[in-house]
Each structure stands twice: as structure tokens, then as C-alpha cells.
Amino acid sequence: MLLANQLRYFSRRDSRYFFSIVNSKVVASARSLSVPAPAMETSSTCALVLSGKTAAENETAKLLKRNNTLKLPDDTGLSVFLHSEADKHLEENGFQIDLYMNSLSTDAFGRFLIWCPRIPSTQDVISHNFSDLPLGSVCVADVQFKGRGRSKNLWESPPGCLMFSFTIQMEDGRIVPLLQYVVSLAITEAIKDICDKKGLPYIDLKIKWPNDLYVNGLKLGGILCTSTYRSKKFNVSAGIGLNVDNDKPTTCLNAALKNLSSTPDKFRREDILASFFNKFERLHDIFINQGFQALEELYYQTWLHSGQRVIVQEKKEDQVVENVVTIQGLTSSGYLLAIGDDNQMCELHPDGNSLDFFKGLVKSKLE
């Protein structure tokens, strides 16, 4: 472990602003999960297995298959199957759809599922077919070989990782940037709920602003939300990657659990996905009807940054001026709210393609 005030994290040399973290601890060996994935051979055809929770959703699956509706970018070939037609042996070694559906208790989200044993990206499946899928549809993969992170970084997606994307539609563009925080919160709440129900030790899963998930100082997940504007609505594709049973490249939930207990129980992807949607649907309703302010207190209990002090280095002409600020929370637009030692409030924005929260923030003063 190293004290963070012994380190300086700098953004690109031509950036006007730099900052470093002070008075907190950093794990120097932590690797970002959002790193270039190893080259993998791609198959000319990918399989999609469609399933619904009720007969109505299964009828939608039949219609999509019959009309050959689903497509992927770059004309990637698809073989589409209904869940009733899929090879059960394949599912035994992959995502278990029945286990997931039996744990799902939502009214909208997650009820229509697309399972891909191997796919370029779940985000491509959802975003490329958004208008043809029921709202709340989810695509989950066992392996993806072109997964994406923030700023077009590739996302390493080995077996054992829960990788899924789902559809959301929103009308108020001002709150779309805040949606990723609701998704992050739903993941942490889902893990808490599973621990409670199974009597497992509490896993201290934390949110690292703006879109990462950490445990014991190591990254084990991330969130990516993209949107398009059509017919006066925002079509949002939310993608999540969470290390469940793969301890590479960083760590995973089951490794954290093993360090706390000798229990034979393990986290399962199916339980986490169902619990996530059960939690997300409730949090989403609060978010839409009452605003993010109604969730802020719970969010701040889970994130890493309350009271965190950072040094913002602002380059003015040939001089670098350092200002120490303390993070207070989030602004109404979803950026970091901070206060300087001079009591001046400011807003901190991410800048450029930094993979680390402790790099490349831009400070702007608030009136």
C-alpha cells in the first residue's frame, strides 16, 4: 500500500489541468479491467437464444425468429433459436436461463432475454436492435470478444464474468447522465440482497465515480450507458461487466467471498442478474418519479469519494497553480461537487481518455 499523497497522477502532457489524490490510500498494483482484450478467433456465425418469462414474451421471441428480425453490425452471421429449441447440454455449461427466470420478479425489466454463448458485444445486440425489442430486454453472454468500456476502450471479458446489456427509454434528457449511477447502485444493492438471503458474509462492493465497481481496492466491474435520440425519446443501452467467478485480470466476487468465509456457496451469474433487475426496477421508478435526489443518500453510502481531498493543478500561462478541494457529492448534472479551502464551490469534470479516476479532471467554478 502507498499513501496517495506520495504519488502524482498526471493526464496527457498537453492537458491544461492535472490533479492528484491526497490523504487516502491507493493500491498501486491495481489494474484496470477496461484494457485491451487478447485477440480471439472470431466465428462467422453467432448463436442467439431467445426466452421470455411468460407466454406473451415467448410469442415475441417466436415472431423475432420467424421474421429474421435480429441483426448485428458488420453483417455478422446469426443463428437464432428459441429456448425450447436450444441444446440443453450447452446451457448446462453456460448461462442457465430457467434458474434466472425463476428468480426474476419484475414487471418490465429483464423479462425478455437473449443469451449468447459467444458474441462480439452484448451492447451491439441491444443497441443495433433496440426498436425491435421489448423495452427492458436484456442480452447476456458467456464470452464476448469485442466488449467495450468507456471512451471506446475494449473490455476484457473472460468466462466467469457476468456481461449483459439492456434497454431503457427516457424522455428527460437532463437526467440521462445520472442513469449510470442508478445502475451502479442497483448492482451493489443486488449483491447485498444475495448475501442477506443466503447468509453470506457481507461483500463491501463500492462505486468508484463515474462508472466503476471496486472491492478491496481492486476493480471488478464497470458500467457503460450509451443513448440515441429518436421520436422525442432517448433510447439508452446500458451495459454492465462484473467479475463473478474469474479472478483475472483483477479479482472477482467469489475470490472476495472465499477470503471471508469457508462456505461452499458461491455467487452465480443467474442470481446476480435476477437480483439486479429486481432492485433496478424499484430504484428506476424512484429515479423517474422523484429524481436522483431521493437516491443520493443511499448512493453516497456506497461510493468511495465522500470527503476525499484532491489537488487540482491548473496551468495558467507558464505557471501551475495548485488548489486543494474536498469532494462533497454530485452536482445536479451528475459531475463531482467539490469545495476549496477558500470555500469556493466547483464542479469537477472527467477530461480525455483517462482510465483512472485520479487523472484528467477539469475544474469549473460554480456561481
Side-chain angles (χ1 to χ4, degrees), residues 48 50 52-54 56-57 59-61 63-65 67-75 78 104 106-114 120-140 148-152 164-187 209-211 222-240 276-296 299 330-337 347 349-350 364 366:
L48 303 184
L50 312 184
K53 186 167 177 64
T54 64
E57 285 127 7
E59 284 301 315
T60 299
L63 184 64
L64 289 172
K65 181 187 176 183
N67 293 341
N68 194 28
T69 302
L70 301 178
K71 307 293 181 184
L72 280 179
D74 304 321
D75 296 322
L78 289 178
L104 187 70
T106 60
D107 293 325
F109 288 103
R111 295 171 64 89
F112 185 85
L113 179 135
I114 303 171
S121 167
T122 61
Q123 199 80 337
D124 284 343
V125 176
I126 289 298
S127 61
H128 205 64
N129 300 282
F130 195 104
S131 60
D132 295 310
L133 296 172
L135 285 177
S137 296
V138 58
C139 176
V140 60
R148 298 195 302 275
R150 189 163 60 95
S151 300
K152 298 183 180 180
F164 67 99
S165 300
F166 67 103
T167 63
I168 313 165
Q169 197 167 71
M170 303 177 68
E171 297 183 359
D172 188 351
R174 295 170 298 179
I175 65 172
V176 170
L178 298 168
L179 181 65
Q180 63 182 327
Y181 307 145
V182 182
V183 174
S184 301
L185 185 58
I187 286 283
W209 185 88
N211 60 351
I223 292 93
L224 174 67
C225 294
T226 61
S227 67
T228 57
Y229 185 68
R230 292 180 182 175
S231 304
K232 298 182 179 181
K233 292 183 179 181
F234 292 88
N235 293 337
V236 182
S237 301
I240 297 91
F276 166 79
F277 281 121
N278 294 342
K279 291 293 183 179
F280 177 78
E281 186 162 277
R282 181 179 64 84
L283 296 175
H284 178 264
D285 287 344
I286 295 173
F287 175 53
I288 295 300
N289 295 318
Q290 302 177 41
F292 187 73
Q293 294 83 355
L295 300 174
E296 275 188 309
Y299 181 83
L330 295 172
T331 65
S332 59
S333 55
Y335 295 114
L336 289 178
L337 176 66
E347 187 175 62
H349 298 228
S364 63
L366 294 178

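The model shown is predicted, which means the values in this text are computed figures rather than measured ones. Numbers for residues simply follow the sequence, beginning at 1. Values reported hereafter were calculated over all heavy atoms of this structure, with side chains retained and with hydrogens, waters and symmetry mates removed.
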Open item on the list: I'd like to check the side chain to side chain donor-acceptor pair (under 3.5 Å) partners of Asn278; sequence neighbours left out, ordered by chain and number.
Closed with: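 Scan of Asn278 (side chain to side chain donor-acceptor pair (under 3.5 Å), adjacent residues dropped) gives Ser105.
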Task: Distance-minimising heavy-atom pair for Thr69 and Asn129 - done: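 For Thr69 and Asn129, the tightest heavy-atom pair comes out as O-OD1, 4.0 Å.
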Task: Sidechain-backbone polar pair: Tyr181 side chain, Gly334 backbone, donor-acceptor under 3.5 Å - done: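 Such a contact is found between Tyr181 side chain and Gly334 backbone.
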Open item on the list: Could you work out, with side chain to side chain contact (heavy atoms under 4.5 Å, CB included) as the rule, every residue matching Asn289, not counting sequence neighbours?
Closed with: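 Partners of Asn289 by the side chain to side chain contact (heavy atoms under 4.5 Å, CB included) criterion, ordered by chain and then number, come out as Asp285.
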- [ ] State whether the side chain of Asn211 and the backbone N or O of Ile223 hold a donor-acceptor pair below 3.5 Å, judged by distance alone.
- [x]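 A pair under 3.5 Å: yes.
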Task: Heavy-atom closest pair, residues Leu64 and Leu50 - done: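 Heavy-atom minimum between the residues: CB-CD1, 4.2 Å.
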TODO: Apply side chain to side chain contact (heavy atoms under 4.5 Å, CB included) to Ile288 and Met170, showing your working.
DONE: CA-CA 9 Å; Ile288 295 300; Met170 303 177 68; 4.2 Å; yes
TODO: To the nearest 0.5 Å, tell me how far Glu347 CD sits from Leu336 CG.
DONE: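 Going from CD on Glu347 over to CG on Leu336, the span is 9.0 Å.
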Task: Thr60 to Pro134 - nearest heavy-atom pair and separation - done: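 Result for this residue pair: CG2-CG, 3.9 Å.
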Task: Heavy-atom neighbours of Phe287 CZ exceed 12 at 6.0 Å - done: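 Yes.
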- [ ] Check step by step if side chain to side chain contact (heavy atoms under 4.5 Å, CB included) holds for Phe109 and Ile168.
- [x] CA-CA 9 Å; Phe109 288 103; Ile168 313 165; 4.1 Å; yes
Task: Set of side chain to side chain donor-acceptor pair (under 3.5 Å) partners for Gln169, sequence neighbours left out - done: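 For Gln169 the side chain to side chain donor-acceptor pair (under 3.5 Å) partners, ignoring immediate neighbours, are Asn235.
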TODO: Quick one: pull up OG in Ser333 and NE2 in His349 and give me the separation to the nearest 0.5 Å.
DONE: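 Spacing of OG (Ser333) from NE2 (His349) equals 6.0 Å.
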- [ ] Report yes or no: does Glu281 contribute a side-chain atom to a donor-acceptor pair with the main-chain N or O of Ala108 at less than 3.5 Å?
- [x]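 Flag set: sc Glu281 to bb Ala108 pair under 3.5 Å.
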Open item on the list: Restricting to non-hydrogen atoms, name the atom on Pro120 and the atom on Leu72 that form the minimum distance, rounded to 0.1 Å.
Closed with: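 Result for this residue pair: CD-CD1, 4.4 Å.
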TODO: Please name all residues satisfying salt bridge (Lys or Arg N to Asp or Glu O under 4.0 Å) with Lys71, sequence neighbours left out, ordered by chain then number.
DONE: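 Checked Lys71 against salt bridge (Lys or Arg N to Asp or Glu O under 4.0 Å); zero matches.
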- [ ] Output all residues satisfying side chain to side chain contact (heavy atoms under 4.5 Å, CB included) with Thr167, sequence neighbours left out; order by chain, then residue number.
- [x]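 Thr167 satisfies side chain to side chain contact (heavy atoms under 4.5 Å, CB included) with Ile126, Phe130, Leu135, Ser137 only.
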Task: side chain to side chain donor-acceptor pair (under 3.5 Å) partners for Glu57, two or more places apart - done: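 Thr54, Arg111.
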Open item on the list: Strictly distance-based, threshold 3.5 Å: is any side-chain N or O of Gln123 a donor or acceptor partner for the main-chain N or O of Ser237?
Closed with: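 The answer is yes, because a donor-acceptor pair under 3.5 Å joins these two groups.
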Open item on the list: My understanding is that only residues two or more places apart in sequence, or in another chain, count here; which of them pass side chain to side chain contact (heavy atoms under 4.5 Å, CB included) with Ser131?
Closed with: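 Checked Ser131 against side chain to side chain contact (heavy atoms under 4.5 Å, CB included); zero matches.
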TODO: Over all heavy atoms of both residues, which pair between Leu178 and Ser332 is shortest? Give the atoms and the distance, please.
DONE: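 Closest approach of Leu178 to Ser332, heavy atoms only: CD1-O, 3.8 Å.
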- [ ] Just jot down the side chain to side chain contact (heavy atoms under 4.5 Å, CB included) partners of Gln290, sequence neighbours excluded, or say none.
- [x]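 Checked Gln290 against side chain to side chain contact (heavy atoms under 4.5 Å, CB included); matches are Ile286, Ala294.
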TODO: Could you list the residues that satisfy ring pair (Phe, Tyr, Trp, His ring centres under 6.0 Å) with Phe166, not counting sequence neighbours?
DONE: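 Ring pair (Phe, Tyr, Trp, His ring centres under 6.0 Å) list for Phe166, sorted by chain: Phe276, Phe277, Phe280.
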- [ ] With sequence neighbours excluded, tell me which residues meet salt bridge (Lys or Arg N to Asp or Glu O under 4.0 Å) with Glu296.
- [x]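 So Glu296 forms no salt bridge (Lys or Arg N to Asp or Glu O under 4.0 Å) with any residue.
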- [ ] Can you measure from CG (Leu295) to CZ (Arg282) and round to the nearest 0.5 angstrom?
- [x]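 With rounding to 0.5 Å, CG (Leu295) is 8.5 Å from CZ (Arg282).
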Open item on the list: Can you tell me how far apart CD (Gln180) and CG (Leu224) are? Round to the nearest 0.5 Å.
Closed with: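 One gets 9.0 Å once the value is rounded to the nearest 0.5 Å.
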Task: Rounded distance [0.5 Å steps], CG in Leu330 versus OH in Tyr335 - done: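 Answer for the CG-OH pair, Leu330 versus Tyr335, is 11.5 Å.
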TODO: Kindly compute the distance separating CG (Leu113) from CZ (Phe164), expressed to the nearest 0.5 Å.
DONE: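 Between atom CG of Leu113 and atom CZ of Phe164 there are 11.0 Å.
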TODO: Return the set of residues passing side chain to side chain donor-acceptor pair (under 3.5 Å) with Asp172 (not counting sequence neighbours), or none when no residue passes.
DONE: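 With neighbours one apart ignored, the set is Arg174.
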- [ ] Grab the two heavy atoms, one from Cys225 and one from Val236, that are nearest each other, plus how far apart they are.
- [x]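 Closest heavy-atom pair between Cys225 and Val236: CB-CG1, 4.3 Å.
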Open item on the list: Between Phe292 and Ile175, is there a side-chain heavy-atom distance shorter than 4.5 Å?
Closed with: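 The answer is no, as the side chains (C-beta and beyond) never meet within the 4.5 Å cut-off.
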